[in-house]
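The next block holds one structure in the form of C-alpha coordinates; read it before the comments.
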There are 2 protein chains.
Amino acid sequence: MELVNEEASGRPKRLPREVRERQILDAAVSVFSAHGYHAASMDEVSATAGISKPMIYSYLGSKEDLFAACIRRELDRLLVAIADRAKPGLPADQQLWYGVLAFFEFIGANKDSWSVLHRQASEHGGPFAAEHRLLRTRAIELVAALVISAAGRSEHSEIGAAAQRTGESLAAAVVGAGESLADWWLDNPQESARHLAERMMNVVWAGFGNLMDGKVWAPPPEADE
Amino acid sequence: MELVNEEASGRPKRLPREVRERQILDAAVSVFSAHGYHAASMDEVSATAGISKPMIYSYLGSKEDLFAACIRRELDRLLVAIADRAKPGLPADQQLWYGVLAFFEFIGANKDSWSVLHRQASEHGGPFAAEHRLLRTRAIELVAALVISAAGRSEHSEIGAAAQRTGESLAAAVVGAGESLADWWLDNPQESARHLAERMMNVVWAGFGNLMDGKVWAPPPEADE
DNA sequence: AGCCGTACCTACTCGACAGTAAGTTTATTG
DNA sequence: CAATAAACTTACTGTCGAGTAGGTACGGCT
(Lines give C-alpha, C1' and ligand atoms only; values in the text may rest on other atoms or scores of the structure.)
Protein backbone atom coordinates (compact mmCIF):
# COMPACT_ATOMS: atom_id res chain seq x y z
CA MET A 1 0.00 0.00 0.00
CA GLU A 2 2.63 2.46 -1.15
CA LEU A 3 1.82 6.12 -0.78
CA VAL A 4 1.90 7.69 -4.24
CA ASN A 5 1.46 11.40 -3.58
CA GLU A 6 1.83 13.90 -0.74
CA GLU A 7 4.95 16.00 -0.25
CA ALA A 8 7.09 15.57 2.85
CA SER A 9 5.37 18.61 4.35
CA GLY A 10 2.75 17.59 6.90
CA ARG A 11 0.38 20.18 5.45
CA PRO A 12 -2.16 18.62 3.13
CA LYS A 13 -1.97 21.31 0.50
CA ARG A 14 -5.13 22.46 -1.20
CA LEU A 15 -4.76 21.41 -4.82
CA PRO A 16 -6.86 22.18 -7.90
CA ARG A 17 -9.28 19.54 -9.06
CA GLU A 18 -7.28 18.69 -12.19
CA VAL A 19 -4.25 17.66 -10.19
CA ARG A 20 -6.21 15.64 -7.66
CA GLU A 21 -8.00 13.78 -10.41
CA ARG A 22 -4.67 12.77 -11.89
CA GLN A 23 -3.41 11.61 -8.51
CA ILE A 24 -6.57 9.65 -7.86
CA LEU A 25 -6.31 7.93 -11.25
CA ASP A 26 -2.67 7.09 -10.59
CA ALA A 27 -3.59 5.52 -7.27
CA ALA A 28 -6.58 3.70 -8.75
CA VAL A 29 -4.52 2.15 -11.55
CA SER A 30 -2.00 0.97 -9.03
CA VAL A 31 -4.58 -0.52 -6.68
CA PHE A 32 -6.76 -2.12 -9.36
CA SER A 33 -3.69 -3.61 -10.95
CA ALA A 34 -2.54 -5.04 -7.64
CA HIS A 35 -5.78 -6.67 -6.48
CA GLY A 36 -8.17 -6.73 -9.43
CA TYR A 37 -11.40 -4.80 -9.70
CA HIS A 38 -13.48 -6.59 -7.07
CA ALA A 39 -10.83 -7.08 -4.43
CA ALA A 40 -9.72 -3.45 -4.68
CA SER A 41 -11.40 -1.20 -2.12
CA MET A 42 -12.17 2.46 -2.48
CA ASP A 43 -10.66 2.95 0.96
CA GLU A 44 -7.34 1.66 -0.29
CA VAL A 45 -7.51 3.85 -3.37
CA SER A 46 -8.20 6.90 -1.24
CA ALA A 47 -5.42 6.00 1.18
CA THR A 48 -2.96 5.46 -1.67
CA ALA A 49 -3.94 8.75 -3.23
CA GLY A 50 -3.46 10.44 0.14
CA ILE A 51 -6.96 11.85 0.11
CA SER A 52 -10.33 11.02 1.64
CA LYS A 53 -13.00 8.88 0.01
CA PRO A 54 -15.68 11.50 -0.61
CA MET A 55 -13.27 13.40 -2.85
CA ILE A 56 -13.12 10.42 -5.18
CA TYR A 57 -16.88 10.13 -5.34
CA SER A 58 -17.20 13.83 -5.87
CA TYR A 59 -14.63 13.96 -8.68
CA LEU A 60 -14.79 10.61 -10.44
CA GLY A 61 -18.13 9.08 -9.43
CA SER A 62 -18.76 5.45 -8.50
CA LYS A 63 -16.26 2.62 -8.38
CA GLU A 64 -17.29 1.52 -11.86
CA ASP A 65 -16.89 5.04 -13.18
CA LEU A 66 -13.46 5.24 -11.64
CA PHE A 67 -12.41 1.97 -13.21
CA ALA A 68 -13.71 3.01 -16.61
CA ALA A 69 -11.80 6.27 -16.33
CA CYS A 70 -8.63 4.30 -15.60
CA ILE A 71 -9.09 2.12 -18.65
CA ARG A 72 -9.75 5.04 -20.93
CA ARG A 73 -6.74 6.97 -19.76
CA GLU A 74 -4.32 4.05 -19.95
CA LEU A 75 -5.64 3.00 -23.33
CA ASP A 76 -5.04 6.47 -24.69
CA ARG A 77 -1.53 6.57 -23.32
CA LEU A 78 -0.72 3.22 -24.91
CA LEU A 79 -2.13 4.11 -28.31
CA VAL A 80 -0.32 7.42 -28.36
CA ALA A 81 2.95 5.74 -27.45
CA ILE A 82 2.60 3.31 -30.34
CA ALA A 83 1.44 5.85 -32.89
CA ASP A 84 4.41 8.02 -32.00
CA ARG A 85 6.86 5.40 -33.22
CA ALA A 86 5.21 3.37 -36.01
CA LYS A 87 5.18 6.07 -38.64
CA PRO A 88 3.43 5.25 -41.91
CA GLY A 89 5.82 5.54 -44.86
CA LEU A 90 8.37 3.14 -43.40
CA PRO A 91 8.66 -0.29 -45.01
CA ALA A 92 6.09 -2.72 -43.60
CA ASP A 93 8.50 -4.75 -41.52
CA GLN A 94 10.00 -1.66 -39.92
CA GLN A 95 6.60 -0.20 -39.22
CA LEU A 96 5.65 -3.38 -37.45
CA TRP A 97 8.99 -3.54 -35.71
CA TYR A 98 8.75 -0.06 -34.26
CA GLY A 99 5.13 -0.58 -33.32
CA VAL A 100 5.90 -3.79 -31.51
CA LEU A 101 8.94 -2.27 -29.87
CA ALA A 102 6.95 0.75 -28.69
CA PHE A 103 4.29 -1.57 -27.34
CA PHE A 104 6.71 -3.59 -25.24
CA GLU A 105 8.60 -0.53 -24.08
CA PHE A 106 5.36 1.04 -22.92
CA ILE A 107 4.32 -2.11 -21.08
CA GLY A 108 7.75 -2.33 -19.51
CA ALA A 109 7.52 1.21 -18.22
CA ASN A 110 3.85 0.86 -17.20
CA LYS A 111 3.14 -2.68 -16.08
CA ASP A 112 0.20 -1.50 -14.01
CA SER A 113 -1.40 -0.02 -17.09
CA TRP A 114 -1.23 -3.30 -18.90
CA SER A 115 -2.56 -5.23 -15.96
CA VAL A 116 -5.56 -2.96 -15.72
CA LEU A 117 -6.13 -2.80 -19.46
CA HIS A 118 -5.79 -6.45 -20.28
CA ARG A 119 -6.22 -8.62 -17.21
CA GLN A 120 -8.80 -6.71 -15.23
CA ALA A 121 -10.77 -5.17 -18.05
CA SER A 122 -11.49 -8.53 -19.65
CA GLU A 123 -12.98 -10.06 -16.51
CA HIS A 124 -16.35 -8.32 -16.86
CA GLY A 125 -19.37 -8.63 -19.05
CA GLY A 126 -20.29 -4.97 -18.82
CA PRO A 127 -19.00 -1.89 -20.59
CA PHE A 128 -15.44 -2.72 -19.58
CA ALA A 129 -15.23 -5.70 -21.87
CA ALA A 130 -16.36 -3.48 -24.72
CA GLU A 131 -13.70 -0.93 -23.93
CA HIS A 132 -11.14 -3.70 -23.81
CA ARG A 133 -12.30 -5.21 -27.10
CA LEU A 134 -11.74 -1.83 -28.71
CA LEU A 135 -8.03 -2.04 -27.96
CA ARG A 136 -7.73 -5.49 -29.47
CA THR A 137 -9.85 -4.61 -32.48
CA ARG A 138 -7.83 -1.53 -33.31
CA ALA A 139 -4.58 -3.43 -32.98
CA ILE A 140 -5.78 -6.27 -35.19
CA GLU A 141 -7.00 -3.90 -37.87
CA LEU A 142 -3.69 -2.12 -37.85
CA VAL A 143 -1.66 -5.28 -38.19
CA ALA A 144 -3.99 -6.80 -40.76
CA ALA A 145 -3.66 -3.72 -42.95
CA LEU A 146 0.12 -4.01 -42.76
CA VAL A 147 0.13 -7.69 -43.61
CA ILE A 148 -2.23 -7.35 -46.52
CA SER A 149 -0.49 -4.39 -48.03
CA ALA A 150 2.83 -6.20 -47.71
CA ALA A 151 1.40 -9.31 -49.33
CA GLY A 152 -0.12 -7.25 -52.12
CA ARG A 153 3.29 -5.89 -52.99
CA SER A 154 4.92 -9.31 -53.21
CA GLU A 155 5.45 -11.26 -56.44
CA HIS A 156 2.49 -13.55 -55.67
CA SER A 157 -0.01 -10.74 -55.55
CA GLU A 158 -2.65 -12.82 -57.32
CA ILE A 159 -3.48 -14.62 -54.03
CA GLY A 160 -5.40 -11.47 -53.08
CA ALA A 161 -8.65 -12.75 -51.61
CA ALA A 162 -7.19 -15.74 -49.81
CA ALA A 163 -4.39 -13.58 -48.44
CA GLN A 164 -6.94 -11.18 -47.11
CA ARG A 165 -8.61 -13.82 -44.98
CA THR A 166 -5.38 -15.49 -43.97
CA GLY A 167 -3.92 -12.08 -43.23
CA GLU A 168 -6.71 -11.28 -40.84
CA SER A 169 -6.35 -14.48 -38.86
CA LEU A 170 -2.61 -14.01 -38.90
CA ALA A 171 -3.09 -10.56 -37.46
CA ALA A 172 -5.35 -11.95 -34.75
CA ALA A 173 -2.77 -14.55 -33.83
CA VAL A 174 -0.03 -11.92 -33.83
CA VAL A 175 -1.94 -9.58 -31.57
CA GLY A 176 -2.83 -12.52 -29.37
CA ALA A 177 0.79 -13.55 -29.14
CA GLY A 178 1.70 -9.98 -28.22
CA GLU A 179 -0.89 -9.85 -25.49
CA SER A 180 0.17 -13.15 -24.03
CA LEU A 181 3.83 -12.26 -24.23
CA ALA A 182 3.04 -9.05 -22.36
CA ASP A 183 1.07 -10.98 -19.74
CA TRP A 184 3.88 -13.44 -19.37
CA TRP A 185 6.28 -10.56 -18.98
CA LEU A 186 4.39 -9.31 -15.93
CA ASP A 187 5.38 -12.51 -14.16
CA ASN A 188 8.86 -12.78 -15.70
CA PRO A 189 10.38 -9.29 -15.70
CA GLN A 190 13.96 -10.40 -16.35
CA GLU A 191 13.73 -9.95 -20.14
CA SER A 192 14.24 -6.63 -21.93
CA ALA A 193 11.57 -4.99 -24.06
CA ARG A 194 13.83 -5.17 -27.09
CA HIS A 195 14.33 -8.87 -26.57
CA LEU A 196 10.62 -9.55 -26.41
CA ALA A 197 10.02 -7.45 -29.49
CA GLU A 198 12.65 -9.41 -31.40
CA ARG A 199 11.05 -12.68 -30.39
CA MET A 200 7.72 -11.43 -31.59
CA MET A 201 9.16 -10.40 -34.92
CA ASN A 202 10.85 -13.74 -35.43
CA VAL A 203 7.60 -15.63 -35.13
CA VAL A 204 5.51 -13.07 -36.91
CA TRP A 205 7.74 -12.37 -39.83
CA ALA A 206 8.03 -16.04 -40.66
CA GLY A 207 4.27 -16.20 -40.92
CA PHE A 208 4.33 -13.16 -43.17
CA GLY A 209 6.91 -14.78 -45.41
CA ASN A 210 4.87 -17.91 -45.91
CA LEU A 211 1.78 -15.85 -46.54
CA MET A 212 3.56 -13.91 -49.27
CA ASP A 213 4.84 -17.12 -50.83
CA GLY A 214 1.39 -18.68 -50.73
CA LYS A 215 2.64 -21.54 -48.57
CA VAL A 216 -0.02 -23.02 -46.31
CA TRP A 217 0.22 -25.80 -43.81
CA ALA A 218 -2.52 -28.41 -44.24
CA PRO A 219 -3.71 -30.98 -41.74
CA PRO A 220 -3.03 -34.68 -42.46
CA PRO A 221 -5.81 -36.59 -44.28
CA GLU A 222 -8.67 -37.65 -41.98
CA ALA A 223 -7.75 -40.80 -40.11
CA ASP A 224 -9.17 -39.90 -36.67
CA GLU A 225 -12.69 -40.34 -35.38
CA MET B 1 -28.25 -18.55 -12.88
CA GLU B 2 -29.11 -21.78 -14.68
CA LEU B 3 -29.93 -24.76 -12.52
CA VAL B 4 -27.40 -27.48 -13.27
CA ASN B 5 -28.69 -30.45 -11.33
CA GLU B 6 -31.93 -31.74 -9.83
CA GLU B 7 -34.20 -34.19 -11.63
CA ALA B 8 -37.70 -33.20 -12.63
CA SER B 9 -38.97 -35.05 -9.54
CA GLY B 10 -39.84 -32.60 -6.78
CA ARG B 11 -38.19 -34.90 -4.26
CA PRO B 12 -34.68 -33.72 -3.40
CA LYS B 13 -33.13 -37.17 -3.49
CA ARG B 14 -30.51 -38.07 -0.95
CA LEU B 15 -27.30 -38.62 -2.87
CA PRO B 16 -23.89 -40.03 -1.89
CA ARG B 17 -21.11 -37.57 -1.18
CA GLU B 18 -19.15 -38.44 -4.31
CA VAL B 19 -21.99 -37.41 -6.58
CA ARG B 20 -22.76 -34.20 -4.68
CA GLU B 21 -19.13 -33.17 -4.80
CA ARG B 22 -19.14 -33.52 -8.56
CA GLN B 23 -22.33 -31.50 -8.82
CA ILE B 24 -20.93 -28.80 -6.57
CA LEU B 25 -17.75 -28.57 -8.63
CA ASP B 26 -19.79 -28.35 -11.82
CA ALA B 27 -21.82 -25.51 -10.38
CA ALA B 28 -18.75 -23.77 -9.00
CA VAL B 29 -16.93 -23.85 -12.33
CA SER B 30 -19.96 -22.40 -14.03
CA VAL B 31 -20.42 -19.61 -11.47
CA PHE B 32 -16.74 -18.71 -11.15
CA SER B 33 -16.46 -18.61 -14.90
CA ALA B 34 -19.47 -16.34 -15.20
CA HIS B 35 -18.56 -13.73 -12.57
CA GLY B 36 -14.93 -14.26 -11.62
CA TYR B 37 -13.67 -15.38 -8.25
CA HIS B 38 -14.52 -12.34 -6.14
CA ALA B 39 -17.90 -11.52 -7.62
CA ALA B 40 -19.05 -15.11 -7.36
CA SER B 41 -21.00 -15.82 -4.19
CA MET B 42 -21.23 -19.09 -2.37
CA ASP B 43 -24.98 -18.58 -2.22
CA GLU B 44 -25.14 -18.62 -5.99
CA VAL B 45 -22.97 -21.70 -6.18
CA SER B 46 -25.20 -23.51 -3.73
CA ALA B 47 -28.34 -22.39 -5.56
CA THR B 48 -26.90 -23.49 -8.91
CA ALA B 49 -25.91 -26.83 -7.46
CA GLY B 50 -29.41 -27.21 -6.04
CA ILE B 51 -28.14 -27.73 -2.54
CA SER B 52 -27.72 -25.70 0.62
CA LYS B 53 -24.58 -23.81 1.55
CA PRO B 54 -23.40 -25.82 4.56
CA MET B 55 -23.06 -28.88 2.35
CA ILE B 56 -20.41 -27.07 0.33
CA TYR B 57 -18.48 -26.07 3.42
CA SER B 58 -18.77 -29.53 4.81
CA TYR B 59 -17.59 -31.26 1.62
CA LEU B 60 -15.20 -28.84 -0.07
CA GLY B 61 -14.16 -26.36 2.63
CA SER B 62 -13.76 -22.59 2.20
CA LYS B 63 -14.34 -20.54 -0.92
CA GLU B 64 -10.64 -20.61 -1.71
CA ASP B 65 -10.53 -24.36 -1.27
CA LEU B 66 -13.48 -24.72 -3.59
CA PHE B 67 -11.83 -22.57 -6.23
CA ALA B 68 -8.57 -24.48 -5.97
CA ALA B 69 -10.48 -27.74 -6.35
CA CYS B 70 -12.09 -26.38 -9.51
CA ILE B 71 -8.75 -25.45 -11.02
CA ARG B 72 -7.20 -28.77 -10.23
CA ARG B 73 -10.05 -30.75 -11.70
CA GLU B 74 -10.31 -28.71 -14.89
CA LEU B 75 -6.56 -28.73 -15.41
CA ASP B 76 -6.50 -32.50 -15.14
CA ARG B 77 -9.33 -32.86 -17.61
CA LEU B 78 -7.56 -30.62 -20.11
CA LEU B 79 -4.21 -32.37 -19.84
CA VAL B 80 -5.82 -35.79 -20.19
CA ALA B 81 -7.73 -34.65 -23.25
CA ILE B 82 -4.54 -33.48 -24.93
CA ALA B 83 -2.41 -36.44 -23.95
CA ASP B 84 -5.09 -38.74 -25.37
CA ARG B 85 -4.60 -37.39 -28.88
CA ALA B 86 -0.99 -36.22 -29.24
CA LYS B 87 0.65 -39.65 -29.22
CA PRO B 88 4.45 -39.73 -29.23
CA GLY B 89 5.75 -41.63 -32.25
CA LEU B 90 3.87 -39.52 -34.75
CA PRO B 91 5.88 -37.07 -36.88
CA ALA B 92 6.49 -33.80 -35.07
CA ASP B 93 4.05 -31.73 -37.08
CA GLN B 94 1.27 -34.26 -36.63
CA GLN B 95 1.94 -34.54 -32.93
CA LEU B 96 1.64 -30.80 -32.66
CA TRP B 97 -1.40 -30.76 -34.89
CA TYR B 98 -3.33 -33.30 -32.87
CA GLY B 99 -2.28 -31.67 -29.62
CA VAL B 100 -3.44 -28.26 -30.79
CA LEU B 101 -6.63 -29.69 -32.20
CA ALA B 102 -7.39 -31.52 -28.96
CA PHE B 103 -6.74 -28.33 -27.05
CA PHE B 104 -9.20 -26.27 -29.06
CA GLU B 105 -11.79 -29.03 -29.12
CA PHE B 106 -11.62 -29.27 -25.35
CA ILE B 107 -11.94 -25.52 -24.95
CA GLY B 108 -14.85 -25.49 -27.37
CA ALA B 109 -16.67 -28.15 -25.39
CA ASN B 110 -15.70 -26.64 -22.02
CA LYS B 111 -15.52 -22.88 -22.30
CA ASP B 112 -16.17 -22.51 -18.58
CA SER B 113 -13.14 -24.63 -17.81
CA TRP B 114 -10.90 -22.38 -19.82
CA SER B 115 -12.33 -19.26 -18.30
CA VAL B 116 -11.66 -20.54 -14.82
CA LEU B 117 -8.26 -21.96 -15.66
CA HIS B 118 -6.85 -19.05 -17.58
CA ARG B 119 -8.77 -15.87 -16.86
CA GLN B 120 -9.70 -16.29 -13.24
CA ALA B 121 -6.75 -18.29 -12.01
CA SER B 122 -4.25 -15.72 -13.18
CA GLU B 123 -5.86 -12.85 -11.29
CA HIS B 124 -4.41 -13.83 -7.92
CA GLY B 125 -1.05 -13.72 -6.25
CA GLY B 126 -1.67 -16.75 -4.06
CA PRO B 127 -1.49 -20.46 -4.77
CA PHE B 128 -3.82 -20.07 -7.75
CA ALA B 129 -1.27 -18.27 -9.85
CA ALA B 130 1.19 -21.07 -9.16
CA GLU B 131 -1.33 -23.68 -10.23
CA HIS B 132 -1.98 -21.69 -13.38
CA ARG B 133 1.70 -21.27 -14.15
CA LEU B 134 2.06 -25.01 -14.00
CA LEU B 135 -0.26 -25.40 -16.97
CA ARG B 136 1.68 -22.92 -19.05
CA THR B 137 5.04 -24.33 -18.05
CA ARG B 138 4.09 -27.87 -18.97
CA ALA B 139 2.72 -26.76 -22.31
CA ILE B 140 5.82 -24.74 -23.15
CA GLU B 141 8.13 -27.59 -22.25
CA LEU B 142 6.13 -29.93 -24.41
CA VAL B 143 6.19 -27.66 -27.43
CA ALA B 144 9.82 -26.71 -26.99
CA ALA B 145 10.83 -30.37 -26.96
CA LEU B 146 8.93 -30.90 -30.20
CA VAL B 147 10.50 -27.90 -31.88
CA ILE B 148 14.01 -28.75 -30.88
CA SER B 149 13.77 -32.38 -31.84
CA ALA B 150 12.33 -31.37 -35.22
CA ALA B 151 15.11 -28.83 -35.76
CA GLY B 152 17.71 -31.40 -34.78
CA ARG B 153 16.52 -33.70 -37.53
CA SER B 154 16.68 -31.02 -40.25
CA GLU B 155 19.59 -30.60 -42.66
CA HIS B 156 20.87 -27.57 -40.69
CA SER B 157 21.34 -29.52 -37.48
CA GLU B 158 24.57 -27.69 -36.68
CA ILE B 159 22.62 -24.66 -35.38
CA GLY B 160 22.05 -26.71 -32.21
CA ALA B 161 22.64 -24.26 -29.37
CA ALA B 162 21.05 -21.25 -31.03
CA ALA B 163 18.08 -23.34 -32.07
CA GLN B 164 17.64 -24.41 -28.48
CA ARG B 165 17.24 -20.86 -27.26
CA THR B 166 15.20 -19.74 -30.22
CA GLY B 167 13.12 -22.88 -29.92
CA GLU B 168 12.22 -22.09 -26.35
CA SER B 169 11.10 -18.57 -27.07
CA LEU B 170 9.24 -19.84 -30.12
CA ALA B 171 7.46 -22.32 -27.89
CA ALA B 172 6.57 -19.56 -25.43
CA ALA B 173 5.15 -17.44 -28.22
CA VAL B 174 3.23 -20.41 -29.60
CA VAL B 175 1.69 -21.28 -26.27
CA GLY B 176 0.90 -17.61 -25.75
CA ALA B 177 -0.76 -17.40 -29.12
CA GLY B 178 -2.79 -20.48 -28.27
CA GLU B 179 -3.92 -19.03 -24.97
CA SER B 180 -4.90 -15.75 -26.54
CA LEU B 181 -6.66 -17.42 -29.41
CA ALA B 182 -8.63 -19.45 -26.87
CA ASP B 183 -9.47 -16.30 -24.91
CA TRP B 184 -10.54 -14.57 -28.07
CA TRP B 185 -12.67 -17.56 -28.93
CA LEU B 186 -14.68 -17.14 -25.72
CA ASP B 187 -15.90 -13.81 -27.06
CA ASN B 188 -16.15 -14.92 -30.71
CA PRO B 189 -17.70 -18.37 -30.73
CA GLN B 190 -18.59 -18.42 -34.42
CA GLU B 191 -15.38 -20.21 -35.47
CA SER B 192 -14.87 -23.99 -35.35
CA ALA B 193 -12.17 -25.66 -33.26
CA ARG B 194 -10.64 -27.16 -36.39
CA HIS B 195 -10.46 -23.75 -37.98
CA LEU B 196 -8.67 -22.23 -35.02
CA ALA B 197 -6.27 -25.15 -34.88
CA GLU B 198 -5.44 -24.68 -38.55
CA ARG B 199 -4.77 -21.00 -38.02
CA MET B 200 -2.47 -21.80 -35.17
CA MET B 201 -0.57 -24.30 -37.27
CA ASN B 202 -0.17 -21.86 -40.12
CA VAL B 203 1.55 -19.33 -37.94
CA VAL B 204 3.47 -21.82 -35.89
CA TRP B 205 4.71 -24.03 -38.64
CA ALA B 206 6.10 -21.08 -40.55
CA GLY B 207 8.16 -20.17 -37.49
CA PHE B 208 9.35 -23.76 -37.32
CA GLY B 209 10.38 -23.68 -40.94
CA ASN B 210 12.49 -20.58 -40.52
CA LEU B 211 14.03 -21.98 -37.39
CA MET B 212 15.07 -25.12 -39.23
CA ASP B 213 16.53 -23.07 -42.06
CA GLY B 214 18.43 -20.86 -39.63
CA LYS B 215 16.65 -17.76 -40.92
CA VAL B 216 16.31 -15.00 -38.35
CA TRP B 217 14.69 -11.63 -38.62
CA ALA B 218 16.96 -8.82 -37.42
CA PRO B 219 15.98 -5.30 -36.41
CA PRO B 220 17.08 -2.42 -38.63
CA PRO B 221 20.39 -0.69 -37.67
CA GLU B 222 19.98 1.76 -34.81
CA ALA B 223 18.68 5.08 -36.08
CA ASP B 224 16.27 5.92 -33.24
CA GLU B 225 16.97 7.46 -29.89
C1' DA C 1 -13.10 43.20 6.31
C1' DG C 2 -16.63 39.84 5.00
C1' DC C 3 -18.83 36.73 1.61
C1' DC C 4 -18.85 32.65 -1.44
C1' DG C 5 -17.35 28.72 -3.58
C1' DT C 6 -14.47 24.89 -3.56
C1' DA C 7 -11.27 21.69 -1.46
C1' DC C 8 -11.53 18.61 2.04
C1' DC C 9 -12.81 15.85 6.26
C1' DT C 10 -14.99 12.52 10.06
C1' DA C 11 -18.21 9.47 10.91
C1' DC C 12 -21.80 7.24 9.77
C1' DT C 13 -25.67 3.74 7.03
C1' DC C 14 -26.84 -0.24 4.88
C1' DG C 15 -26.54 -4.22 2.15
C1' DA C 16 -23.95 -8.26 0.68
C1' DC C 17 -21.65 -12.16 1.66
C1' DA C 18 -18.36 -15.81 3.99
C1' DG C 19 -18.89 -18.84 7.33
C1' DT C 20 -21.53 -21.45 11.37
C1' DA C 21 -24.61 -23.32 15.07
C1' DA C 22 -27.85 -26.36 15.91
C1' DG C 23 -31.04 -28.90 14.51
C1' DT C 24 -34.15 -32.53 11.33
C1' DT C 25 -34.81 -36.23 8.14
C1' DT C 26 -33.64 -40.62 5.85
C1' DA C 27 -31.07 -45.03 4.91
C1' DT C 28 -28.71 -48.81 6.96
C1' DT C 29 -27.33 -52.31 9.96
C1' DG C 30 -27.23 -55.13 14.16
C1' DC D 1 -37.18 -51.81 15.58
C1' DA D 2 -33.82 -49.09 17.93
C1' DA D 3 -29.70 -46.59 17.21
C1' DT D 4 -26.14 -44.62 14.59
C1' DA D 5 -24.28 -42.08 11.06
C1' DA D 6 -24.52 -39.44 7.11
C1' DA D 7 -27.27 -36.27 4.12
C1' DC D 8 -29.42 -32.18 4.48
C1' DT D 9 -31.79 -27.86 6.29
C1' DT D 10 -33.09 -23.04 8.25
C1' DA D 11 -31.67 -19.21 10.27
C1' DC D 12 -28.45 -16.86 12.13
C1' DT D 13 -23.46 -13.80 13.16
C1' DG D 14 -19.80 -10.78 12.05
C1' DT D 15 -17.33 -8.29 8.90
C1' DC D 16 -16.17 -5.64 5.15
C1' DG D 17 -16.83 -2.28 1.93
C1' DA D 18 -19.63 1.00 -1.28
C1' DG D 19 -21.62 5.10 -0.94
C1' DT D 20 -23.28 9.50 1.83
C1' DA D 21 -24.75 13.11 5.22
C1' DG D 22 -23.34 16.91 7.02
C1' DG D 23 -20.12 19.32 8.09
C1' DT D 24 -15.11 22.48 8.56
C1' DA D 25 -11.26 25.15 6.64
C1' DC D 26 -9.10 27.73 3.23
C1' DG D 27 -8.49 30.92 -0.76
C1' DG D 28 -10.20 34.51 -4.01
C1' DC D 29 -12.82 38.48 -4.80
C1' DT D 30 -15.04 42.98 -3.97
Side-chain angles (χ1 to χ4, degrees), chain A residues 1 3-7 9-28 31-32 34-70 120 124 126-128, chain B residues 1 3-7 9-28 31-32 34-70 120 124 126-128:
Chain A
M1 212 232 275
L3 261 271
V4 168
N5 306 309
E6 212 72 1
E7 323 293 308
S9 84
R11 278 294 155 87
K13 300 236 322 178
R14 233 175 143 77
L15 296 173
R17 174 171 185 151
E18 229 180 74
V19 178
R20 283 295 189 211
E21 283 188 355
R22 250 202 37 230
Q23 295 180 335
I24 292 171
L25 285 177
D26 290 344
V31 171
F32 282 135
H35 308 303
Y37 176 75
H38 288 288
S41 81
M42 296 298 271
D43 284 297
E44 185 174 351
V45 173
S46 75
T48 306
I51 210 173
S52 74
K53 232 181 352 167
M55 294 302 299
I56 302 182
Y57 282 91
S58 153
Y59 284 170
L60 275 315
S62 71
K63 189 183 185 184
E64 282 210 348
D65 293 340
L66 176 61
F67 189 60
C70 287
Q120 316 305 338
H124 298 277
F128 304 151
Chain B
M1 211 232 273
L3 262 270
V4 167
N5 306 312
E6 211 73 1
E7 323 293 308
S9 83
R11 280 293 158 87
K13 300 241 315 180
R14 236 172 141 79
L15 296 172
R17 174 170 186 152
E18 229 181 72
V19 177
R20 283 295 189 211
E21 283 190 356
R22 249 201 40 228
Q23 295 180 335
I24 293 171
L25 284 176
D26 290 345
V31 171
F32 283 134
H35 308 305
Y37 176 76
H38 289 288
S41 79
M42 296 299 271
D43 284 297
E44 185 173 351
V45 173
S46 77
T48 305
I51 209 172
S52 74
K53 229 178 358 162
M55 294 303 299
I56 302 182
Y57 284 90
S58 152
Y59 285 171
L60 276 316
S62 73
K63 190 184 184 183
E64 281 209 348
D65 293 340
L66 176 62
F67 189 60
C70 287
Q120 316 305 339
H124 298 277
F128 304 152

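Within every chain, numbering begins at 1; the chains are lettered A, B, ... in the order of the sequence lines, protein sequences first and strands thereafter.
- Taking every heavy atom of both residues into account, A:V45 and A:A27 meet most closely at O-CB, 3.8 Å.
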Write out a two-atom table: protein N or O, nucleotide N or O from nucleotides 17-20 of chain D, distance below 3.5 Å.
from   : atom 1 : to    : atom 2 : distance (Å)
D:dA18 : OP1    : A:A40 : O      : 3.1
D:dA18 : OP1    : A:K63 : NZ     : 3.1
D:dA18 : OP2    : A:M42 : N      : 2.8
D:dG19 : OP2    : A:Y57 : OH     : 3.3
D:dG19 : OP2    : A:K63 : N      : 3.0
D:dG19 : N7     : A:K53 : NZ     : 3.0
D:dG19 : O6     : A:K53 : NZ     : 2.7

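- For B:K63, the side-chain contact (heavy atoms from CB on, under 4.5 Å) criterion is met by B:F32, B:Y37, B:M42, not counting sequence neighbours.
- Side-chain contact between B:I51 and B:R20 is present, with heavy atoms from C-beta onward closer than 4.5 Å.
- With sequence neighbours left out, B:R17 forms a side chain to side chain donor-acceptor pair (under 3.5 Å) with B:E21.
- Across the protein-nucleic acid pair, B:L66 atom CG and C:dG19 atom C1' stand 13 Å apart, rounded to whole Å.
- Side-chain contact between B:H38 and A:H35: absent, with no pair of heavy atoms (C-beta onward) separated by less than 4.5 Å.
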Pairs under 3.5 angstrom, nitrogen or oxygen only, protein versus nucleotides 5-7 of chain D, please.
from  : atom 1 : to    : atom 2 : distance (Å)
D:dA6 : N3     : B:R14 : NH2    : 3.1
D:dA7 : OP1    : B:R17 : N      : 3.3
D:dA7 : OP2    : B:Y59 : OH     : 3.3
D:dA7 : O5'    : B:Y59 : OH     : 3.3
D:dA7 : O3'    : B:L15 : O      : 3.4
D:dA7 : N3     : B:R14 : NH2    : 3.2

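- Take A:D65 and apply the side chain to side chain donor-acceptor pair (under 3.5 Å) test, not counting sequence neighbours, and it matches A:S62.
- A:E21 has its CD atom 11 Å from the P atom of C:dC8, to the nearest Å.
- Here CD1 of A:I56 is found 5.0 Å from OG of A:S46. Values are rounded to the nearest 0.5 Å.
- Partners of A:S52 according to the side-chain contact (heavy atoms from CB on, under 4.5 Å) rule, which considers only residues two or more places apart in sequence or in another chain, are A:P54, A:M55.
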